[in-house]
Asks: 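Have a look at this one before I ask anything.
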Amino acid sequence: MGSRRAQAMPPPPAKPGWGWFTRLRSGAAVAPPARRRFPACPAAAGGGGEMAAGVEESDMFEEIVMAEERFHDEGYQEGYAEGSHVGVVEGRRYGSLHGAKIGSEIGCYLGFALTWQYLLRKCTDEKNNKKIRALDSLIRMIQKFPYEDPTYDKLQEDLEKIRGKFKQVHATLARAEQM
């Protein structure tokens with residue numbers, strides 16, 4: 001113990017954490033790192049006896065296997081929590097974008113129907129009455145569409161009906177324009 005104090009201490013490292021590299025370059029003897037005892041690995045601290053060493057060695061491997069499983073479980077939990085958060089954010093963004101597209105589409109149909117309704121009301125003949133009734137039907141369908149309820153079960157069905165009615169009205173008006 002007393003000789004340990006007599007040994008020359010290496011100069012402090014130039015950079016924090018680089019002491020081992022400085023000693024290695026200077027040619028000074030570099031001692032192997034001290035063995036530390038890890039809580040998860042009691043066998044690393046050293047033990048007593050032949051028989052105890054075999055038991056400790058198997059416990060060490062068991063701890064390693066269990067550590068891997070524990071780290072896997074912890075990683076899974078952290079990943080699940082992070083994924084859930086990111087999923088909510090991404091879902092909200094997707095829902096807003098998709099809702100805006102549907103709203104724009106419905107608004108376009110309503111603008112089309114109201115414009116043609118206004119134009120056709122000026123002329124009252126039998127052909128225009130049929131077109132006006134079809135436009136009124138489309139406008140009623142659009143007005144009944146549940147804008148504020150995204151959990152509405154028949155949202156897609158009603159949207160498809162509106163699209164179909166729009167195509168029907170558009171075709172009717174296009175035929176009249178060609179004549």
Side-chain angles (χ1 to χ4, degrees), residues 13-21 33 36-42 44 58-179:
K15 296 180 183 175
W18 285 77
W20 62 272
F21 184 71
R36 298 186 307 184
R37 179 181 171 145
F38 294 101
C41 188
S58 67
D59 287 345
M60 180 175 70
F61 290 121
E62 186 175 328
E63 289 292 326
I64 291 171
V65 171
M66 294 306 290
E68 180 181 355
E69 187 175 321
R70 187 180 73 236
F71 291 142
H72 179 268
D73 291 344
E74 289 173 6
Y76 176 83
Q77 293 299 328
E78 289 174 13
Y80 185 83
E82 179 69 21
S84 295
H85 175 70
V86 170
V88 167
V89 171
E90 186 176 337
R92 186 173 293 135
R93 184 177 34 219
Y94 176 78
S96 296
L97 179 66
H98 194 65
K101 286 180 182 178
I102 290 175
S104 177
E105 180 181 2
I106 296 291
C108 179
Y109 296 157
L110 183 61
F112 174 86
L114 290 173
T115 302
W116 272 102
Q117 186 184 42
Y118 176 77
L119 293 173
L120 292 175
R121 292 229 187 252
K122 293 181 178 180
C123 306
T124 54
D125 61 344
E126 185 58 35
K127 289 182 182 179
N128 286 341
N129 284 338
K130 184 177 178 182
K131 294 173 192 171
I132 291 173
R133 282 194 308 268
L135 286 167
D136 288 340
S137 173
L138 177 60
I139 292 169
R140 278 193 307 275
M141 289 174 73
I142 292 171
Q143 289 172 341
K144 289 180 184 177
F145 190 76
Y147 297 105
E148 289 86 24
D149 187 13
T151 61
Y152 179 62
D153 294 338
K154 297 181 180 181
L155 186 87
Q156 291 297 324
E157 292 175 26
D158 287 354
L159 185 59
E160 289 300 319
K161 287 179 184 176
I162 290 172
R163 287 175 179 154
K165 188 67 169 180
F166 171 76
K167 287 177 185 177
Q168 178 189 4
V169 169
H170 187 266
T172 304
L173 291 171
R175 273 186 278 152
E177 292 296 317
Q178 290 176 356
M179 292 182 168

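Below, all heavy atoms of this structure are taken into account, side chains as well, without hydrogens, waters or symmetry copies. Position 1 is the first residue of the sequence; numbering continues from there.
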Asks: What distance separates L138 CG from Q168 CD, expressed to the nearest 0.5 Å?
Replies: 9.5 Å
Asks: In Å and rounded to the nearest 0.5 Å, what is the CG to CG distance from L120 to N128?
Replies: 5.0 Å
Asks: Quick one: closest heavy-atom pair of A134 and K165, and the distance?
Replies: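 That closest heavy-atom pairing would be O-CE, 3.8 Å.
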Asks: Could you list the residues that satisfy salt bridge (charged side-chain N to carboxylate O under 4.0 Å, His left out) with E74, not counting sequence neighbours?
Replies: R70
Asks: Would you please name every residue forming a ring-ring contact (aromatic ring centres under 6.0 Å, His included) with H98, sequence neighbours left out?
Replies: Y94
Asks: To the nearest 0.5 Å, how far apart are CD1 in I142 and NZ in K161?
Replies: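 Going from the CD1 atom of I142 to the NZ atom of K161 covers 14.5 Å.
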Asks: ring-ring contact (aromatic ring centres under 6.0 Å, His included) with Y109: which residues, sequence neighbours excluded?
Replies: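 For Y109 the ring-ring contact (aromatic ring centres under 6.0 Å, His included) partners, ignoring immediate neighbours, are F166.
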Asks: CG of L119 to CG of L173: how many Å apart, nearest 0.5 Å?
Replies: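 If we round to the nearest 0.5 Å, L119:CG and L173:CG are 10.0 Å apart.
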Asks: Applying side chain to side chain contact (heavy atoms under 4.5 Å, CB included), run through Y147 and I106 and close with a yes or a no.
Replies: CA-CA 10 Å; Y147 297 105; I106 296 291; 3.3 Å; yes
Asks: Taking atom CG of L135 and atom NZ of K130, what is their separation to the nearest 0.5 Å?
Replies: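 Interatomic distance, L135 CG to K130 NZ, rounded to 0.5 Å: 12.5 Å.
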Asks: Looking at every heavy atom in both A113 and I139, which two are closest together, and how far apart are they?
Replies: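 Closest approach of A113 to I139: CB-CG1, 3.6 Å.
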Asks: Enumerate the salt bridge (Lys or Arg N to Asp or Glu O under 4.0 Å) contacts for residues 87-112, please, sequence neighbours excluded, ordered by first and then second residue.
Replies: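 For residues 87-112, and leaving out neighbouring residues, the salt bridge (Lys or Arg N to Asp or Glu O under 4.0 Å) pairs sorted by first residue read E105-R163.
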Asks: What is the distance from atom CZ of F145 to atom CG of L110, rounded to the nearest 0.5 Å?
Replies: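 It is 12.5 Å, given to the nearest 0.5 Å.
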Asks: Let me have the donor-acceptor pairs involving side chains of residues 150-159, under 3.5 Å, with sequence neighbours excluded, atom names and distances please.
Replies:
residue: T151; atom: OG1; partner: D149; partner atom: OD1; Å: 2.7
residue: Y152; atom: OH; partner: D158; partner atom: OD2; Å: 3.0

Asks: Give every residue pair that meets the ring-ring contact (aromatic ring centres under 6.0 Å, His included) criterion with at least one member in residues 63-84, sequence neighbours excluded.
Replies: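 Passing the test, one end in residues 63-84: no pairs.
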